[in-house]
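Right, one structure below, let's go through it.
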Amino acid sequence: MTSSSSTALRLALQLAGPAAGDALAERLRPQVVAAVSERFHLPAEAVDALTGWDEHGLRRAMTEDVEEFLKRALGTGDPDLAHLLYVREKRRTPAFLSAILAAADPADGRWYVPDGLVPTVLEMTAGLALEPALRAPFPELVAHALLQLGRALPTAVVLDACRRLAAVGGPAEIEKLAKRIEETPDELAHKGLAGLLRTAAAAPDPVAALQDRRPSAAGTDPAHTRALLQVRLGERHVPQPAGLGPEAIREEHERRPFGPTPMDGGRWQHDTRDCLVKWESCPDDVITEYYRDAPFSACHIAARLPFEVLTGPGASTDRIATPEVIGRGLRAGWFPAHRVLRELAPARETLAALPYDHEPTRRAVAELVAPLGTDPANWLTFYARTGGARGTAAELVAEAAAPDSPKRTTTWPRPLAAVFPATAPRDARKVFLRVLRCAPEAVQIAVVPHLDARAVQHFLVYGDPAPAVREAVVAAHGVPALVSYAAHRNLPAAALEFLLDLDEPAVDAHLFAYCRIDRRERERMLAGRLRGGGTRAAVPGALLDALDEVNVAHYRAWLIAGLESGDLGVARRVVGRLRLQLPAARLRLLIAVWERGGPDAVRDILAMGRLPVTLRRQTEKLLDAPDGLDRLRDRLAAEETPAKLAAHRSDRLEAEGIPIPWSAMADALRAGALPEGTAAHLAWHPDCPRDILLEALRSTRAPAFRNDSNGDAWVRKGLTSGALTVEDVLAHAAPARAAMGHLLVATPSSPPDGDGRSVGALITALTDEHLGGDVEAWAVCLQLLPTFAGTLPELISTAGAVARG
């Protein structure tokens, strides 16, 4: 039994329906038993015990959720089944123990045998898996769970468990527990618990006595108890239960403070607050206390932070964490921006920490710097004093705007040149740029003429200025500003369009060298074509210099973009720096050079000695022939036939700048003129047309696993993108076993077919039509599946026909 046949069997049992599914499970009992054994990770001999409690158990074990099936099986109260799963197979989850104990009859002696459930649970130490024992019908398990978990449980929950113990064990068990609690160093962190239990044990009704001492409203929700227990036990990712308020958490914190807890003999610690601060209901004082101890963690994981973490005692203990805290707090609305700007110091660190893409923060900064106005001296003074200011941001602005302030700055201090490629601003430069971006356009236009070259570059590249402000920068600083602007890899699309439209050679060279521009733009530049129309006589030297600096190992495609430029300077660099592997690529380059520069330009390329000897000799013979160029074109056409191109992977063709003739390739595929597997190779290409995708579906293999990237994972890609539909796979994918694999693996993330039906609905319609409730037909279908060469619908219809005789 393989995983694929097990999946097919499970699908068949689901689709056949309850009655036919039960009959089919009996018809194929050996295979179903093997599949259940594999699915539940149990020995085959244990399957009868697992499924025997339900007359439909064999089918349900294959078709239902594994965890739910096991919980229902354990909920039958069968000690042998509990022993099989919980004891022998060690499926020791809280849900399974809860199901067992809810149905257990303590009078059945099988629970107490030496390797039975009760001795097994008594060997367990503190852990969430033990929590259901607090409600067990066995007094020894309740007492054991209390002693193991009591320190981590709220008082109300402990008293509830004691009431359970009194109900199932009587006063003697309560007295025994009190004695054992007295022997612990701190009465399980519940002061007076032992005395309370002794009083209850002596009362006429111990259960009622314990009920009277229990806080009436506390600890009534099991979800709250479980979550707090998980936190106490050191789990870091516990969802906040609904309705658990800060009062209950604070009460628990006062009983036994949350915080670092020694583990494994004190060798390392976990902090129970790591989880607690992720809850919205965590009290402010607990969050603030945690931040004092672990500021870096707090700023990353806390669900919220009080403003006092920035202003209270010890707030500046970690300067690494504080900027992130400010940014996160402002974005989340925890901190008022005006308080941050007026109460936190020093100014540079505060201003550097602000999230400037957050509109409320930007408005607050704009209000803050309004006193600086349009006077460049105010702004230059603000910049000059930012690095050394020890007060708040509001105090810094007030000092810079004061007309009688000493040492006012009127020129840019310590000017620097632009750098290539552009590097991000730091320190005071970064703060100044971000603050200036928050000011109105009129202020920016007044200030930018006074920036140094580095600040101009930073302002253009990282400031994303409005068109009017950008025009003011160019008017003041000229073409060098534009050249520095074009020296960054991640310029926004609008900035790229602006710079490309300039058709400025030096700007184009930097765009080519540093920016993420489209392949077609690189081809245009290397061909000398202008965006505004027309073509340069020769590609500018600045762009040729950029080609000389290209890292071929990483950006080979940048040189390939010049393959059909025809410009002699570009062609020399392409041939000089690349070894063109495909004959079609070499011929395309030579033809383009001939068309643009004539035979002499081709001779120049051949003289470099970088092309194969045979190609050089054959081309030299054509240079003086009247039809030499046409004959060279004929040779290229022969090299670009579908049969020739199919000998190479599509990514190899793309790497050499050879376009795939999709229409001709599709015709050749339909005619059977291309090697086997060509369609699958082409299917990976992002531009692969639909008819080739359908052709590729006719010969696929089943995916080995969900993210299979080595075989036919292109099918999943096509379904996800919408290039293929579920109906395409059903109609064209073969063999049937592979088609089923593609549908089961790929369709959860894909859209439904054209008429909106899901894969399940489509297959159900097919099986209902051809197989229905005929058990023999279903059996034939499963027997044919591993070797059937046709599509899935063909398999289903064939199985139905065979069964009907």
Determine the minimum heavy-atom distance between [X] and [Y], stating which atoms define it.
{"X": "G800", "Y": "A777", "value": "CA-CB, 4.4 Å"}
{"X": "A789", "Y": "A734", "value": "O-CB, 3.4 Å"}
{"X": "A696", "Y": "A680", "value": "CB-N, 4.0 Å"}
{"X": "P425", "Y": "L433", "value": "CG-CD2, 3.9 Å"}

Got [X] and [Y] here, is their nearest side-chain heavy-atom distance under 4.5 Å?
{"X": "V474", "Y": "V479", "value": "no"}
{"X": "P793", "Y": "H770", "value": "no"}
{"X": "L530", "Y": "T535", "value": "no"}
{"X": "L766", "Y": "L762", "value": "no"}
{"X": "F512", "Y": "M525", "value": "yes"}
{"X": "L743", "Y": "L792", "value": "yes"}
{"X": "L615", "Y": "R635", "value": "yes"}
{"X": "V507", "Y": "Y485", "value": "no"}

Ring pair (Phe, Tyr, Trp, His ring centres under 6.0 Å) involving [X] - partner list, sequence neighbours excluded:
{"X": "H358", "answer": "none"}
{"X": "Y555", "answer": "W558"}
{"X": "F498", "answer": "none"}
{"X": "H732", "answer": "none"}

Roughly how far apart are [X] [atom1] and [Y] [atom2], rounded to 0.5 Å?
{"X": "M665", "Y": "R670", "atom1": "CE", "atom2": "CZ", "answer": "12.5 Å"}
{"X": "H681", "Y": "R649", "atom1": "NE2", "atom2": "CZ", "answer": "5.0 Å"}
{"X": "T764", "Y": "L15", "atom1": "OG1", "atom2": "CG", "answer": "5.0 Å"}
{"X": "R331", "Y": "D357", "atom1": "CZ", "atom2": "CG", "answer": "4.0 Å"}
{"X": "L674", "Y": "L682", "atom1": "CG", "atom2": "CG", "answer": "8.0 Å"}
{"X": "L622", "Y": "W594", "atom1": "CG", "atom2": "CH2", "answer": "6.0 Å"}

side-chain contact (heavy atoms from CB on, under 4.5 Å) between L645 and I660: does it pass, once the steps are laid out? CA-CA 8 Å; L645 294 181; I660 300 173; 5.7 Å; no
Can you tell me which residue pairs pass the side chain to side chain donor-acceptor pair (under 3.5 Å) test with a partner in residues 493-504, sequence neighbours excluded? E497-R531, D501-R531
Between Q581 and R586: side-chain donor-acceptor atoms closer than 3.5 Å: no
Between [X] (side chain only) and [Y] (backbone N and O only), is there a donor and an acceptor less than 3.5 Å apart?
{"X": "R577", "Y": "D548", "result": "yes"}
{"X": "R556", "Y": "L578", "result": "no"}
{"X": "R737", "Y": "T787", "result": "no"}

Take E595 and R633 through the test side-chain contact (heavy atoms from CB on, under 4.5 Å) and record every step on the way to the result. CA-CA 11 Å; E595 289 173 342; R633 289 176 178 142; 2.8 Å; yes
Steps toward salt bridge (charged side-chain N to carboxylate O under 4.0 Å, His left out) verdict (R690, D728): CA-CA 10 Å; R690 177 176 165 78; D728 290 335; 2.7 Å; yes
Please name the residue in the list R522, R520, R588, R529 that meets the salt bridge (charged side-chain N to carboxylate O under 4.0 Å, His left out) test with E564. R588
Test side-chain contact (heavy atoms from CB on, under 4.5 Å) on R10 and Q14 and set out the steps. CA-CA 6 Å; R10 178 156 52 93; Q14 288 172 326; 4.3 Å; yes
Does a side-chain N-to-carboxylate-O contact under 4.0 Å join D464 and R470? no
Closer than 4.0 angstrom, basic N to acidic O: yes or no for R519 and E654? no
Would one find more than 12 heavy atoms of other residues, nucleotides or ligands at under 6.0 Å from atom CD of E359? yes
Checking A418 now: which residues fulfil side-chain contact (heavy atoms from CB on, under 4.5 Å) with it, not counting sequence neighbours? F420, Q457, S484
Decide salt bridge (charged side-chain N to carboxylate O under 4.0 Å, His left out) for R524 and E521; before the verdict, give the C-alpha distance in whole Å, the side-chain angles of both, and the deciding distance to 0.1 Å. CA-CA 5 Å; R524 178 189 65 78; E521 286 294 343; 2.8 Å; yes
Would you say the ring centers of Y462 and H488 fall short of 6.0 Å from each other? yes
Apply salt bridge (charged side-chain N to carboxylate O under 4.0 Å, His left out) to the pair R603 and D624, showing each step before the final yes or no. CA-CA 11 Å; R603 288 190 180 92; D624 294 323; 2.6 Å; yes
Begin with the C-alpha distance, continue with both residues' side-chain angles, and end with the deciding distance and a verdict on side-chain contact (heavy atoms from CB on, under 4.5 Å) for L502 and D508. CA-CA 9 Å; L502 296 174; D508 281 352; over 6 Å; no
